[in-house]
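Below is one structure; the comments refer to it alone.
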Amino acid sequence: MLDVHGLRKVYEGSGRRTEAVRDLTFTVEAGELVCLVGPSGCGKTTLLKCVGGLLSPTSGEVRLAGRRVDGPPPGTAFVFQEYGRSLFPWMRVGQNVELPLKQKKLSRERRRALVADALESVGLADAAGAYPWQLSGGMQQRVAIARALAYEPEVLLMDEPFAAVDAQTRADLEDLVRRLWRERGITILFVTHDIDEAVYLGERVIVLSASPTVVREQLKVDLPDGRDQVHTRVSPRFAELRTRVYEQIQAAKRGR
Amino acid sequence: MRPVLLRLAFAVALPAVLVAVWWVASAGSTNVYWPPLRTIFGAFPDVWTGERLREDVLPSVLRLTAGYTVAAVAGVALGTVIGSHRRVRAVCEPVLEFLRAVPPPVLVPVIMLFAGIGDTMKIVVIASGCVWPILLNTVEGVRAVDPVLAETARSYGIRGAARLRDVVLRSASPQIFAGLRQALSIGIILMVISEMFAASNGLGFTIVQFQRGFAIPDMWTGILLLGLLGFLLSVLFRLVERRVLGWYHGLREAGRRSP
């Protein structure tokens, strides 16, 4: 579904040359939920923006369903960390979710149905008429997720979407992502710096090195499909996986 | 009900005091240029009859509306182009700074040379003065579109006219309105000034006529009417702004409650 091959990104500006991403190669199968985790400042966001066509790589390539990505592809939706700045404050929640659909030339009835369905599935059916800034942080991020869902993407890219919400809200949103993934069979690439979150959410965890970034390890998460915050997080297997990822990240930080 | 009455009282208090002070201070005045306010009030209904409102005030207001509209459309359109392209901005910025620094009344004689002395001249004068704050504020507003919002729009394929209408202009609208507000007061000034040169009707023309004919109380009524007109237009402006920028005031309010 998603092929990242030899991806390299070098930023050049004001006499400084920063190699954010050195050489990344990995694939994501259709319908998979993959978490990318790495030490902070390791170019995770750069990588995700290259995958989403928002940045063009210096070398290497990203292929989505066989087609080379050279701009935001129509089949991907992006959920940003900064939910407050990613929703349009002059539009009501419903209009925010509907706006991308207008570009897709869908009929009004179809748009309405998609908006209602997306808001319903993130638990915000009543909030369509509110402005985003009238909602709490967690609810705003739900709106951003609903907007992505209504867009009916093949691939959903999430860039540390829960880094700025409180712990309880975060747990709810993690379960929401798991549920949506199971219900809708979307391919999800989820970037986080939170090891527990990566292991809890992912079917596979890709551990990245410190910048300049390469893939350090890929780990299959063999936890059962039905996960919940109480039991999954105390299971011995969860602890093992978590420890394994943690060690990798620590080693990455020390640069070994 | 209480708070509304209280707010109304606050709004009316200072004007009432000022009028009262003027009334008392000028009551016994024998100075020709400084007639008692009572005399001015007395002259008001005789001067500003229905006919005069139609013959002088209406043309002024129409010219102001036309010039202001031209300035708003041109300012927002050019400002959007200049604000969206770094190269265009680099080329235009020095020229804009120069043109903005030229006081618009100076242009009246120049504009008369090619636009004649009719309505066109006056509309051009008003537009050429009003356009700068609108243009420069639009440039700043368009430049300042939040990068996360811009990326969101890009990732969802929101391009072209939809991007302009639903993202760029809406995001710049608080600043565009700041420019429009400045332009409104400039427009009123230029409306009057343009009518002081080579005019045959209009508020500015009438006030100058009264002054030249030593009809001093009548002249004062004209100045009062101008003040009232300015006040009315600013109230109207605020009503429109409240409607269009309701989201912006709400957003700022929300930001203040939870920083």
- Message: Do A:V191 and A:L47 make a side-chain contact, defined as non-hydrogen atoms from C-beta onward lying under 4.5 Å apart?
- Response: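 Result no, sub-4.5 Å side-chain heavy-atom pair not found.
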
- Side chain, backbone, both or neither: which part of B:S173 has a non-hydrogen atom closer than 4.5 Å to chain A?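 B:S173 has no heavy atom closer than 4.5 Å to chain A.
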
- Measuring heavy-atom distances to chain A, does B:D146 have an atom under 4.5 Å in its side chain, in its backbone, in both, or in neither?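 It is the side chain, since no backbone atom gets that close.
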
- Quick check: are there more than 12 heavy atoms from other residues, nucleotides or ligands sitting under 6.0 Å from NE2 of B:H249?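 Yes, NE2 of B:H249 has more than 12 neighbouring heavy atoms, counting only those of other groups under 6.0 Å.
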
Given that the side chain runs from C-beta out, which part of [X] has a heavy atom under 4.5 Å from chain B: side chain, backbone, both or neither?
| X | value |
| --- | --- |
| A:Q103 | side chain |
| A:F80 | side chain |
| A:P74 | neither |
| A:R92 | neither |
| A:L101 | neither |
| A:K49 | side chain |

- Item | Parallel, tilted or perpendicular, as decided by the 30° and 60° cut-offs, for the rings of A:W133 and A:Y131 |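 It falls in the parallel class, under 30°.
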
- Query: Would a distance-only check, ignoring hydrogens and angles, find a side-chain to backbone donor-acceptor pair under 3.5 Å from A:R142 to A:V122?
  - Reply: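 Yes, A:R142 side chain to A:V122 backbone: donor-acceptor pair under 3.5 Å.
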
- Determine yes or no for a side-chain-to-main-chain donor-acceptor pair under 3.5 angstrom, with A:Q140 supplying the side chain and A:P132 the backbone.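 Judged by distance alone, yes, a pair lies under 3.5 Å.
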
- Query: Going through the checks in order, is the side-chain hydrogen bond (donor to acceptor under 3.5 Å, both in side chains) test met by B:S60 and B:E195?
  - Reply: CA-CA 8 Å; B:S60 287; B:E195 289 166 355; 2.6 Å; yes

